[in-house]
Amino acid sequence: MSNIIIKVEDLKKEFKIPKKAENLSLWKQKLSWFYREWEIKKAVEGVTFQIQEGEILGYLGPNGAGKSTTIKMLTGILHPTSGSIEVLKGLNPFKNRREYTQEIGVVFGQRSILAYDIPVKDSFRLFKAIYGLSEEFYQERLDMLVTMLGVDKFFETPYRMLSLGEKMRCELAASFIHQPKIVFLDEPTIGLDAQAKITIRKFLKEINRKENTTILITTHDMDDIEELCRRIIVIDEGIVAYEGSVKRFKEKYANTKQVDVSYTLVTNKEKLLQLDTKYGIENTIEKSKSYEFPLNESLGNFLKELVSCVEIQDLSIHEPKLENVIAEMYEKENKEKKKREKLRN
Ligand SMILES: Nc1ncnc2c1ncn2[C@@H]1O[C@H](COP(=O)(O)OP(=O)(O)OP(=O)(O)O)[C@@H](O)[C@H]1O
Ligand SMILES: [Mg+2]
């Protein structure tokens with residue numbers, strides 16, 4: 001039986017922000033030192049979802065969609081305007097703050113939880129005290145995390161002197177130090193090189209398997225998602241636009257597949273040119289082509305035509321990239337939104 005560990009219902013967050021001067025009348029602009037007009041910015045407009053114990057859930061959306069705001073509410077940093085959050089056995093991030101913080105870990109890729117000027121190991125000691133960990137538990141846990149993330153080499157170095165990848169690996173180790181049941185990761189791979197990303201993904205997979213940690217992750221790197229998550233939630237302008245498996249998401253929104261072909265000889269130049277014009281995408285490698293092939297057309301017919309104009313050496317058909325599918329989804333949603341607006345007017 002699956003076990004729901006996080007239950008979010010109709011969660012909303014509004015920010016009150018000062019009206020921009022250009023939106024105020026001239027006399028109000030003059031008075032703006034004494035007089036402020038406010039407007040409401042709806043950052044999260046009512047999201048509802050559930051997360052199961054042990055799941056790695058991808059929380060996706062374009063810049064400004066409300067991802068970080070949702071995570072801040074889930075971790076008790078921001079108070080929701082309305083809606084409810086229920087975690088583990090009925091814990092609320094605000095009402096049960098003490099108990100709650102013992103159960104969760106947080107990483108904000110854009111902000112650090114470790115002290116800037118002191119050696120990393122001293123920051124870890126501080127966490128040991130905050131979480132009230134026994135020396136024995138702490139040492140054992142630290143050994144494990146340090147090995148998994150390879151951070152032992154710079155454990156004595158002040159945080160500010162570390163590279164971005166080293167910093168992030170330390171942040172991750174710190175957020176897992178008390179063996180939390182749930183970890184929230186807001187862009188944990190931002191700005192990192194391929195090697196650091198691989199280390200982090202491997203770590204998350206391993207710890208999730210070993211300890212059944214529930215992980216909610218936001219990222220703009222779709223390889224993170226493809227590697228880690230079976231299920232995703234895609235939000236758009238503060239509401240849930242899609243919830244389900246990565247596979248079904250692609251089936252629902254993908255329009256094309258990519259076909260790569262390399263050949264030894266062109267047997268029908270004219271026909272090849274026709275295919276290039278119809279489906280071709282940029283490809284600068286000699287004697288090879290890439291095509292973006294629409295899923296609603298017959299791939300068989302296309303391949304037959306291809307065979308009739310080149311002597312194929314190698315051919316590969318790629319699943320649509322999640323990144324492209326998300327872009328396609330937003331395009332489709334926007335078109336539909338505009339259509340609805342038109343009908344209304
Ligand atoms: N403290 C705040 N005051 C006013 N507006 C805010 C505040 N925090 C966020 N917002 C606004 O709320 C919206 C959602 O912001 P949020 O940071 O949640 O987006 P995001 O999905 O995390 O985007 P990104 O991918 O760029 O990190 C944005 O329009 C942002 O400008
Ligand atoms: Mg964000």
Side-chain angles (χ1 to χ4, degrees), residues 6 8-24 32 36-49 51 56-85 93-94 104-113 164 167-168 171-172 175 182-192 197 200 204 215-226 228-229 231-243 246 249 253 321-331 333-334 337:
I6 299 178
V8 172
E9 231 157 281
D10 204 18
L11 192 64
K12 291 186 187 166
K13 181 71 195 177
E14 291 175 354
F15 291 108
K16 203 173 144 195
I17 50 174
K19 241 185 189 169
K20 282 191 195 121
E22 65 253 33
N23 295 340
L24 295 174
S32 68
R36 268 263 145 100
E37 267 199 20
W38 301 87
E39 59 188 356
I40 297 292
K41 162 84 209 172
K42 290 181 175 173
V44 177
E45 287 206 44
V47 296
T48 299
F49 61 83
I51 307 180
I56 307 182
L57 179 81
Y59 197 65
L60 309 177
N63 293 133
K67 303 178 299 294
S68 297
T69 307
T70 306
I71 290 201
K72 284 177 192 158
M73 289 191 279
L74 285 169
T75 48
I77 295 169
L78 275 179
H79 224 292
T81 306
S82 65
S84 72
I85 302 170
F94 293 91
I104 66 161
V106 193
V107 171
F108 285 104
Q110 317 246 37
R111 215 185 304 149
S112 169
I113 56 166
L164 204 60
K167 277 182 181 151
M168 195 52 71
E171 295 278 334
L172 274 165
S175 69
I182 305 165
V183 175
F184 299 95
L185 305 170
D186 191 355
E187 302 195 40
T189 57
I190 191 166
L192 303 190
K197 282 180 179 177
I200 287 177
L204 292 173
I215 297 172
L216 183 120
I217 178 171
T218 83
T219 174
H220 289 288
D221 185 324
M222 291 308 127
D223 288 341
D224 288 346
I225 299 296
E226 302 251 20
L228 296 169
C229 310
R231 196 163 75 96
I232 53 172
I233 286 177
V234 185
I235 58 164
D236 184 19
E237 291 179 12
I239 58 166
V240 175
Y242 173 83
E243 182 187 347
V246 175
F249 181 75
Y253 289 104
K321 282 205 128 179
L322 184 55
E323 212 160 332
N324 300 343
V325 185
I326 287 193
E328 280 164 18
M329 184 205 92
Y330 285 119
E331 207 175 297
E333 298 278 317
N334 275 339
K337 236 183 258 165

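In each ligand, atom 1 is the first atom listed, and ligand 1 is the first ligand listed. FYI, side chains are in, hydrogens and waters are out, and symmetry mates aren't considered; it's all heavy atoms of this structure.
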* Steps toward salt bridge (Lys or Arg N to Asp or Glu O under 4.0 Å) verdict (D223, K197) -> CA-CA 9 Å; D223 288 341; K197 282 180 179 177; over 6 Å; no
* May I have the step-by-step check of side chain to side chain contact (heavy atoms under 4.5 Å, CB included) for L57 and I6, ending in yes or no? => CA-CA 11 Å; L57 179 81; I6 299 178; over 6 Å; no
* Asked: Which is it for D221 and T189 under the side-chain hydrogen bond (donor to acceptor under 3.5 Å, both in side chains) test, yes or no, and what are the steps along the way?
  -> CA-CA 8 Å; D221 185 324; T189 57; 4.7 Å; no
* What's the verdict on side chain to side chain contact (heavy atoms under 4.5 Å, CB included) for Y242 and I232, showing C-alpha distance, side-chain angles and the deciding distance? -> CA-CA 8 Å; Y242 173 83; I232 53 172; 3.9 Å; yes
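Set against the non-hydrogen atoms of H220, the atoms of ligand 1 under 4.0 Å away are 25 (O).
Under 4.0 angstrom from ligand 1, the non-hydrogen atoms of K41 all belong to its side chain. Within the 4.0 Å heavy-atom criterion, the part of I17 lying near ligand 1 is the side chain and not the backbone.
Between the CG atom of L228 and the CD1 atom of I217 there is a distance of 5.5 Å, given to the nearest 0.5 Å.
Put simply, atom 30 (C) of ligand 1 has no protein non-hydrogen atoms near it, under 4.0 Å away.
Note on T69: not counted as a metal contact of the Mg ion (ligand 2), no N/O/S atom lying under 2.8 Å.
At a 4.0 Å cut-off, not a single heavy atom of K13 sits close enough to ligand 1 to count as contact. By the 4.0 Å heavy-atom criterion, E187 is counted among the residues contacting ligand 1.
Between L164 and L192 the shortest side-chain heavy-atom distance falls below 4.5 Å.
Distance from atom 12 (O) of ligand 1 to its nearest protein heavy atom, with residue and atom name: A43 CB, 3.2 Å. Here the protein heavy atom with the shortest distance to atom 26 (O) of ligand 1 is N63 ND2, 2.9 Å. Scanning the protein heavy atoms around atom 1 (N) of ligand 1, the nearest turns out to be F15 CE2, 3.5 Å. With hydrogens left out, the protein atom closest to atom 15 (O) of ligand 1 is T69 OG1, 3.6 Å, a heavy atom.
Under the 3.5 Å distance criterion, the side-chain polar atoms of E171 are matched with a main-chain donor or acceptor of I113.
Nearest-heavy-atom check against atom 22 (O) of ligand 1 across S68, G61, G64, G109 picks out S68.
Closest of all the heavy-atom pairs between T48 and D10 is OG1-N, 2.9 Å.
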